[in-house]
J.: 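My questions will all concern the structure given below.
Residue numbering restarts at 1 for every chain, and letters A, B, ... go by the order of the sequence lines.
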Protein chains: 2
Amino acid sequence: MTSTRTSERRASTRHAGLERHEIIDAALAIVTAEGGAALTMRRLAADLGVTTTTIYWHVGNREQLVVAIVERFAEEQSAIPVIGRTPRRRVLHAAMNLWRSARGHRNLTALASAAGATTLLELPLEAALAAELGAAGVHGERARDVVQAVLACIAGFLISEWRPAEQRPEALRPSELWSRVDDPRIDPSTLRALASPADHERLVESTLRAIIDAAVPETHRGTP
Amino acid sequence: MTSTRTSERRASTRHAGLERHEIIDAALAIVTAEGGAALTMRRLAADLGVTTTTIYWHVGNREQLVVAIVERFAEEQSAIPVIGRTPRRRVLHAAMNLWRSARGHRNLTALASAAGATTLLELPLEAALAAELGAAGVHGERARDVVQAVLACIAGFLISEWRPAEQRPEALRPSELWSRVDDPRIDPSTLRALASPADHERLVESTLRAIIDAAVPETHRGTP
DNA sequence: ACCTGAACACCGTTCAAGT
DNA sequence: ACCTGAACACCGTTCAAGT
């Protein structure tokens with residue numbers, strides 16, 4: 001799977017004829033399949049059947065490559081429709097779309113986050129959220145604050161999934177750590193709960209709902 | 001500042017006499033001063049006037065070193081008192097203590113987060129939060145959910161500060177990206193706000209308050 | 001314009017050898 | 001038991017040189 005392009009193209013032309021977008025595509029494939037750590041300049045070059053320096057000629061350096069990957073992926077992403085009968089529900093749905101999207105392509109989200117390119121990645125969905133907030137009567141800085149709070153929560157829940165407890169050293173697992181806590185102020189049932197994992201999906205939704213409900217008036221216009 | 005310990009100790013004993021806790025201390029110093037990326041085995045060894053392999057003999061590998069650093073820091077952290085007159089306010093205060101703590105030693109928090117060791121780092125403050133939730137009448141899984149939501153939000157807000165807009169390539173700055181958006185669904189005042197940074201400190205507090213208010217009953221016992 | 005080969009300055013980690 | 005020296009298999013990046 002590595003060098004068909006080399007043998008085919010190299011035979012016919014003096015140059016490899018490699019184009020920038022082919023590099024981005026190959027890089028994107030590596031990231032989605034194996035994560036950002038697998039994206040090394042040498043590995044990418046090998047996949048394309050060229051020398052590492054060729055990559056540099058086309059894309060500059062790794063940081064620029066990452067930005068290009070995120071950009072390309074963002075272009076190809078299709079809009080997710082927002083549903084819901086009340087403005088509030090639509091806002092929540094738009095927020096959950098962001099969560100589902102980020103979670104759907106975690107490897108890319110992780111890479112974008114490390115590069116500080118999350119906004120670039122999710123701009124259309126963020127815009128959709130802002131639009132729904134407007135429809136619900138929330139504008140300006142208040143709308144911005146909701147968007148940012150939603151984004152922070154999503155990012156936070158995501159990173160708590162990046163290193164699932166199972167693949168951590170035993171001493172770092174919350175279950176281990178909490179089971180050792182002997183604090184008279186804390187109810188035994190609470191300690192037990194803290195030692196066991198939460199239903200993430202549900203928790204994300206209820207957290208986003210709390211944030212939204214606090215900022216979005218219950219009814220705007222229409223349904224009394 | 002590098003090799004006083006070498007010249008002093010090496011002269012007197014055959015062995016360097018290096019102890020594990022000295023390594024951890026030196027590593028912790030590097031991380032707090034210069035961040036996790038600056039913590040390389042060679043750099044650490046050089047700071048201690050010793051060979052890289054010596055570090056491995058004492059601490060195993062880098063991952064174990066990081067865990068040891070976090071552990072040591074957690075030990076030394078003093079408890080932060082919780083204040084507030086109502087249970088709800090005390091819960092919020094306990095949550096804000098977590099935020100302030102994490103923000104106060106960002107380099108260590110970032111390192112711990114990458115290693116999946118956040119719980120290890122902040123266990124006492126998490127326990128304090130759980131205790132206040134108990135005092136407010138929230139127990140078991142509901143308390144666990146609040147703790148986790150608070151932690152996720154804090155983590156999310158923190159990483160949005162790790163790469164401040166100023167040190168990103170221009171094309172990645174939210175101000176740049178939002179200023180290009182021309183979406184008729186979105187109010188101009190909202191677009192302007194989205195292009196400018198939020199007051200993080202205020203936003204974190206109001207977000208945590210929203211989460212807590214949604215989960216903690218307004219009055220428990222006492223003040224009617 | 002496009003690509004190669006060799007090199008530089010880094011990483012984490014291991015292993016045989018010394019005292 | 002504690003430490004060194006040399007080596008391995010990686011990184012990102014640059015630069016002179018080729019066609």
J.: Do any of residues 32-40 of chain A sit with a heavy atom less than 4.0 Å from DNA chain D, and if so which?
T.: A:Leu39, A:Thr40
J.: Output a table of nitrogen or oxygen pairs between the protein and nucleotides 5-8 of chain C separated by less than 3.5 Å.
T.:
| from | atom 1 | to | atom 2 | distance (Å) |
| --- | --- | --- | --- | --- |
| C:dG5 | O6 | A:Thr53 | OG1 | 3.2 |

J.: Nearest-Å distance, CZ (B:Arg20) to C1' (D:dA1)?
T.: 16 Å
J.: B:Thr54 vs B:Leu48, test: side chain to side chain contact (heavy atoms under 4.5 Å, CB included). Steps then yes/no.
T.: CA-CA 10 Å; B:Thr54 303; B:Leu48 290 163; over 6 Å; no
J.: Is the CD atom of A:Gln77 crowded by more than 12 outside heavy atoms at less than 6.0 Å?
T.: yes
J.: Tell me if the CD atom of B:Glu141 is crowded by more than 12 foreign heavy atoms within 6.0 Å.
T.: no
J.: Got a sec? Which of residues 56-67 of chain A come in under 4.0 Å of DNA chain C, heavy atoms?
T.: A:Trp57, A:His58
J.: Where does DNA chain C form stems of at least three consecutive Watson-Crick or G-U wobble pairs, each pair having both distances below 3.5 Å?
T.: C:4-8 with D:12-16, C:12-16 with D:4-8
J.: Using a strict 4.0 Å threshold on nitrogen-to-oxygen distance, state whether B:Glu34 and B:Arg43 make a salt bridge.
T.: yes
J.: Give the C-alpha distance, both sets of side-chain angles, the deciding distance and a yes or no for salt bridge (charged side-chain N to carboxylate O under 4.0 Å, His left out) between B:Glu71 and B:Arg20.
T.: CA-CA 13 Å; B:Glu71 223 160 8; B:Arg20 207 184 122 92; 5.5 Å; no
J.: Once rounded to the nearest 0.5 Å, what's the spacing between atom CZ of B:Arg144 and atom OG of A:Ser189?
T.: 11.0 Å
J.: Using a 6.0 Å cut-off, check whether atom CD of A:Gln64 has over 12 heavy atoms from anything other than its own residue.
T.: yes
J.: Restricting to pairs with a member in residues 113-134 of chain A, which pass salt bridge (charged side-chain N to carboxylate O under 4.0 Å, His left out), not counting sequence neighbours?
T.: A:Arg90-A:Glu132
J.: Would you check if the side chain of B:Arg185 reaches a backbone N or O of A:Ala131 as a donor-acceptor pair within less than 3.5 Å?
T.: no
J.: Would you mind listing every salt bridge (charged side-chain N to carboxylate O under 4.0 Å, His left out) that reaches into residues 145-162 of chain A, with sequence neighbours excluded?
T.: A:Arg103-A:Glu161, A:Arg106-A:Glu161, A:Asp145-B:Arg202
J.: Start with the C-alpha distance between A:Thr190 and B:Leu133, add both sets of side-chain angles, then the distance that settles side chain to side chain contact (heavy atoms under 4.5 Å, CB included), and finish with yes or no.
T.: CA-CA 10 Å; A:Thr190 303; B:Leu133 280 164; over 6 Å; no
J.: Is there a side chain to side chain contact (heavy atoms under 4.5 Å, CB included) between B:Asp25 and B:Arg72 once you walk through the steps?
T.: CA-CA 8 Å; B:Asp25 284 347; B:Arg72 138 80 97 266; 2.8 Å; yes
J.: Tell me, do B:Leu39 and B:Leu65 make a side-chain contact under 4.5 Å, heavy atoms counted?
T.: yes
J.: To the nearest angstrom, how far is A:Met41 atom CE from D:dC10 atom P?
T.: 18 Å
J.: From CD1 of B:Ile55 over to C1' of D:dA1, roughly how many Å is that when rounded to an integer?
T.: 16 Å
